[in-house]
Undergrad: 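I have a structure I would like to understand better, so I am pasting it below and will then ask my questions one at a time.
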Amino acid sequence: QVHLVETGGGLVQAGGSLRLSCAASERTFSSYAMGWFRQAPGKERDLVAAIFWSTGNTYYADSVKGRFTVSRDNAKNTVYLQMNSLKPEDTAVYYCAAKGSRKYYGDFMRGYEYDYWGQGTQVTVSS
């Protein structure tokens, strides 16, 4: 069983920055990708960013491109999400998730394809 623990959430004013961390209990694995998702009240959980362990390639949702940066530290089994120029609409619970292997093209965009999830961390951006 892999455990993921997110830290770094909090309250910040619009235009500010936060860095989220996701520490994995082990070097996941044949881990294929790590994703950052968010869910605002009354809305669906959406993929914000993803990073692929072997290549370091990244993906970003259009809504966060140019503002968020996902990165990894293999030695620490940790993935980060640097969030800059935060907006009130970024307010949500942010989750990290680990996906063990690739099944088909684009599967990393689907939350139900991920194998492990963290508990989530609240990010609130005030206007």
Side-chain angles (χ1 to χ4, degrees):
Q1 183 72 23
V2 174
H3 296 281
L4 303 175
V5 178
E6 302 104 332
T7 56
L11 173 64
V12 65
Q13 289 188 331
S17 298
L18 285 173
R19 189 177 82 155
L20 305 183
S21 299
C22 173
S25 58
E26 60 184 76
R27 167 53 176 101
T28 45
F29 33 103
S30 41
S31 176
Y32 167 59
M34 297 290 290
W36 282 100
F37 291 77
R38 68 184 180 188
Q39 187 167 24
K43 295 188 176 181
E44 294 184 352
R45 182 179 58 192
D46 294 323
L47 178 68
V48 173
I51 188 165
F52 300 89
W53 278 111
S54 61
T55 63
N57 290 342
T58 58
Y59 165 87
Y60 297 96
D62 288 343
S63 59
V64 305
K65 279 181 182 177
R67 300 189 298 123
F68 290 13
T69 302
V70 60
S71 61
R72 73 194 195 291
D73 185 330
N74 289 5
K76 296 182 178 179
N77 294 340
T78 300
V79 176
Y80 305 96
L81 185 67
Q82 177 67 43
M83 305 185 294
N84 298 328
S85 302
L86 282 162
K87 304 175 181 180
E89 51 263 43
D90 294 318
T91 296
V93 178
Y94 284 71
Y95 301 89
C96 69
K99 180 169 174 28
S101 61
R102 174 180 171 175
K103 295 179 183 177
Y104 53 89
Y105 179 78
D107 59 356
F108 71 93
M109 299 183 68
R110 295 172 174 78
Y112 58 80
E113 293 289 358
Y114 282 74
D115 302 293
Y116 302 102
W117 290 83
Q119 82 286 355
T121 185
Q122 177 70 46
V123 172
T124 302
V125 184
S126 63
S127 58

Undergrad: Output, in order, the C-alpha distance, side-chain angles, deciding distance and verdict of side chain to side chain contact (heavy atoms under 4.5 Å, CB included) for Lys103 and Glu113.
TA: CA-CA 9 Å; Lys103 295 179 183 177; Glu113 293 289 358; 3.2 Å; yes
Undergrad: Enter the distance from Gln122:CD to Thr91:OG1 here, rounded to the nearest 0.5 Å.
TA: 7.0 Å
Undergrad: Say you draw a straight line from CE of Met109 to NZ of Lys99; how long is it, rounded to the nearest 0.5 Å?
TA: 13.0 Å
Undergrad: Mark yes or no for whether Gln13, through its side chain, and Ser126, through its backbone, hold a donor-acceptor pair below 3.5 Å.
TA: no
Undergrad: Which residues pass the side chain to side chain donor-acceptor pair (under 3.5 Å) test with Ser17, not counting sequence neighbours?
TA: Asn84
Undergrad: Work out which heavy atom in Ala92 is nearest to a heavy atom in Ala40; give both atom names and the distance.
TA: CB-N, 3.8 Å
Undergrad: Answer yes or no: is there a donor N or O on one side and an acceptor on the other, between the side chain of Arg72 and the main chain of Trp53, under 3.5 Å?
TA: yes
Undergrad: At what distance, to the nearest 0.5 angstrom, does OG of Ser101 lie from CG of Asp107?
TA: 8.0 Å
Undergrad: Could you tell me whether the side chain of Lys76 reaches within less than 4.5 Å of the side chain of Ser21, counting heavy atoms only?
TA: no
Undergrad: Check whether any side-chain N or O of Gln119 sits under 3.5 Å from a backbone N or O of Glu6 as a donor-acceptor pair, and report yes or no.
TA: yes
Undergrad: So, for Val48 and Val64, which heavy atoms are closest and what is the spacing to 0.1 Å?
TA: O-CG2, 3.6 Å
Undergrad: Passes side chain to side chain contact (heavy atoms under 4.5 Å, CB included), Thr121 versus Thr7? Steps please.
TA: CA-CA 6 Å; Thr121 185; Thr7 56; over 6 Å; no
Undergrad: Measure the OG1-CG distance between Thr78 and Leu20 for me, rounded to the nearest 0.5 Å.
TA: 12.5 Å
Undergrad: When rounded to the nearest 0.5 angstrom, what is the spacing between CZ in Arg38 and CZ in Arg45?
TA: 14.0 Å
Undergrad: Which pair of non-hydrogen atoms, one from Tyr114 and one from Ala98, has the smallest distance, and what is that distance?
TA: CD2-C, 3.5 Å
Undergrad: I need the minimum non-hydrogen distance between Arg67 and Leu86, along with the two atoms involved.
TA: NH1-CA, 3.8 Å
Undergrad: Using atom types as modelled and distance alone, determine if a side-chain donor or acceptor of Thr58 lies under 3.5 Å from a backbone N or O of Ile51.
TA: no
Undergrad: Kindly state each residue pair satisfying ring pair (Phe, Tyr, Trp, His ring centres under 6.0 Å) with at least one member in residues 54-104, sequence neighbours excluded.
TA: Tyr59-Phe108
Undergrad: Show the nearest heavy-atom pair for residues Gly111 and Trp117, with the distance to one decimal.
TA: O-CZ2, 3.3 Å
Undergrad: Return the minimal non-hydrogen interatomic distance between Ala97 and Phe37, and the atom names on each side.
TA: CB-CE1, 4.2 Å
Undergrad: Looking at side-chain heavy atoms only, is the closest gap between Met34 and Leu4 below 4.5 Å?
TA: yes
Undergrad: Using a side-chain heavy atom cutoff under 4.5 Å and only I, L, V, M, F, W and Y, what cluster partners does Val5 have?
TA: none
Undergrad: Show your reasoning for whether salt bridge (charged side-chain N to carboxylate O under 4.0 Å, His left out) applies to Lys65 and Asp62.
TA: CA-CA 5 Å; Lys65 279 181 182 177; Asp62 288 343; 3.2 Å; yes
Undergrad: Between Val125 and Met83, does a side chain to side chain contact (heavy atoms under 4.5 Å, CB included) hold up when you go through it step by step?
TA: CA-CA 11 Å; Val125 184; Met83 305 185 294; over 6 Å; no
